[in-house]
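Some notes on the structure that comes next.
Counting starts at 1 for both ligands and their atoms, following the listed order. Everything numeric here is computed off the predicted structure, so don't read it as measured data.
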Amino acid sequence: MSGIIPQETVEQVRTATDIVEIIGQFVRLKKRGRNFTALCPFHAEKTPSFSVSPERQIFHCFGCGKGGNVFTFLMEHEKMSFVETVRHLAQKAGIRIVEKKGDDRSREEIEKLHYAQVVAREYFRQTLYADKYREPVLRYLHEKRRLTDQAVEFFQIGLAGEEWDGFLNYALKKDLFLPELIQAGLIIHSEKHDKYFDRFRQRLMIPIFNLSDRPIAFGGRALKSGEPAKYVNSPETPLYSKSNVLYGLNFTRQSIREKNEVIIVEGYFDLISLYQAGLKNVVASSGTAFTPAQARLLARFADTAFLFFDSDSAGQNAALRSIDALYDAGLEVKVMIPPPGDDPDSLTKREGLEGLMRIYGGARTFLQFRTEGIDIKQSGLIAKEKLIKELAELAAKINDPTRRELFLNEASERLGLSRDLFRSAAGGKSSPTRKIPDIKPPKKIAEIERDLLALVMRYPEHLEAVRQKLHFEDFQEESWRKIFSVMLTLITQYETISESALIDLLDDTELKIKITSLAALDFPVTDPALMIKDHVNLLLKFKLERIIDTRKAELKVAEEKGDSDKARELEAEILDLIKRREN
Ligand code: UTP
Ligand code: MN
């Protein structure tokens with residue numbers, strides 16, 4: 001086969017693959033804090049300096065400098081080609097590779113898919129307000145859902161009508177064609193009847209947005225109860241990867257950041273309801289188990305996550321299943337439990353903001369939640385052991401040593417069990433993650449550039465702000481300049497950047513290594529926005545200085561030539577530049 005593996009398939013394979021599991025087949029990995037370490041398979045050594053990060057899905061050797069993602073590991077270690085590697089891992093993950101002829105997915109294609117989502121949203125909104133539907137559906141939204149017109153507007157809720165091909169016909173008139181409509185997940189092909197029809201029919205349509213506020217998918221809620229599927233959702237598309245998206249975050253991230261707390265609910269309507277009531281620091285998990293990617297996304301905006309799931313056992317179990325990922329991402333976890341029989345939505349409908357604030361204020365720490373009602377003296381040895389293990393494992397995920405100790409203290413106090421039990425369950429003392437202590441002022445330009453990129457990588461939501469101030473050509477160090485330009489490409493195409501994706505886009509091994517060394521830079525950050533701004537300003541200052549130097553050189557030439565007009569002009573400009581530098 002000579003085709004090209006589409007970039008989104010590569011992405012899909014990478015997301016479906018766990019680097020720890022793959023590398024673990026070749027190397028004996030030992031857990032150390034958040035990472036795994038081993039003796040480096042690429043050079044001879046006696047003490048382990050090879051480190052694998054499950055969170056970032058990359059490896060890095062502090063000894064020989066080798067590093068990369070799961071693909072580069074197999075390529076280096078097994079001497080496989082890139083395509084072989086992707087095929088091999090795709091097979092393992094059960095992903096079918098459909099190779100494309102010719103070029104990679106172009107920007108245009110992605111834009112087409114975005115356009116299809118916009119057209120669909122407009123269509124669903126028009127349908128909601130069409131004579132035929134407006135009255136009953138708005139009545140349903142007002143009375144049953146207790147939604148105001150403003151909320152319907154704000155969340156851009158629409159309606160899929162009863163026709164089989166209403167959207168299809170509309171879209172065809174808007175310059176959209178079958179292949180992209182199918183790829184966008186909006187139109188389905190029936191093999192049996194060889195017919196094309198709308199995926200969504202007779203449903204309330206809730207658009208799902210990315211962080212740039214562009215619609216990328218839909219959740220479709222059945223209008224009547226007793227339908228076989230309460231929700232029909234968009235499938236995974238090049239725009240929409242369910243495990244990476246949190247419903248509502250585009251609307252709520254500001255509030256989340258301000259409060260430094262995020263409330264996680266399950267349903268779209270839970271979120272809409274809370275938001276309407278005035279509690280705005282919310283995201284919805286959309287009913288799936290919380291993924292590590294979602295947890296990491298949240299960790300960029302807040303330090304504490306409040307799980308606010310349905311009071312039924314399904315909801316409470318889902319809460320328990322989400323804990324791991326949240327702790328892994330470094331979030332403090334609290335639990336809000338609605339009254340029996342309620343979910344956040346129904347509680348809000350009945351008791352409004354007041355009821356919500358009562359539950360918010362009464363949130364329990366995860367340890368309270370997990371140990372409440374357990375009489376440890378009454379439980380058997382196996383149950384005891386299980387609980388101790390579970391808590392010790394969670395504790396091991398807490399990166400901050402003080403917080404970890406406090407967690408273990410509290411656990412042992414609550415259960416009336418000795419600290420040593422937890423310690424031995426955790427497999428001895430867990431050590432904090434390795435930090436590279438090489439950030440010391442005064443920094444050279446290349447170091448500032450490097451640290452800025454490391455910061456942007458960790459807090460990609462600030463990339464846009466950096467882009468507005470710095471051109472990639474403002475970077476002095478060639479490798480950082482290249483990496484920055486690839487970051488810009490990635491963010492425009494996928495609206496997100498990750499070490500792993502960067503590594504794939506760069507063909508230069510040196511640069512790949514640089515990326516992993518960037519990711520491994522682990523300096524303390526309290527206010528990323530401010531720190532990034534400082535770095536940008538420093539670089540702008542250096543840029544000014546370079547301009548001043550050039551002008552001074554030009555001035556010298558002008559003076560030598562006796563061109564006094566030119567010299568005066570340059571002098572004025574230099575003075576101006578110096579003034580700007582001092583500000
Ligand atoms: P719920 O069943 O709790 O739905 O599922 P809900 O949002 O509270 O809906 P209402 O209030 O009864 O209308 C929680 C979330 O799980 C996903 C949806 O994202 C939903 O919001 N879900 C649920 C599905 O994707 N498919 C389903 O069939 C059910
Ligand atoms: Mn619900």
Any side-chain donor-acceptor pair under 3.5 Å between [X] and [Y]?
X    : Y    : result
R125 : Q156 : no
S273 : D270 : no
S346 : D342 : yes
N281 : Y275 : no

Contacting atoms of ligand 1, where contact means under 4.0 angstrom from a heavy atom of [X]:
X    : answer
R145 : 10 (P), 11 (O), 13 (O)
N233 : 24 (C), 25 (O)
D310 : 3 (O)
D343 : 8 (O)

Whether Y123 and Y170 hold their rings parallel, tilted or perpendicular, with breakpoints at 30° and 60°: tilted
Side chain, backbone, both or neither: K144 near ligand 1, heavy atoms under 4.0 Å: neither
For [atom], closest protein heavy-atom neighbour:
atom                    : value
atom 1 (P) of ligand 1  : K230 NZ, 3.7 Å
atom 14 (C) of ligand 1 : G267 CA, 3.8 Å
atom 16 (O) of ligand 1 : G287 CA, 3.2 Å
atom 17 (C) of ligand 1 : S286 O, 3.4 Å

Cation over ring face, R145 and F269, 6.0 Å, 45°: yes
Pair Y360 + F308: ring centers closer than 6.0 Å: no
N/O separation below 3.5 Å, Y231 to ligand 1: yes
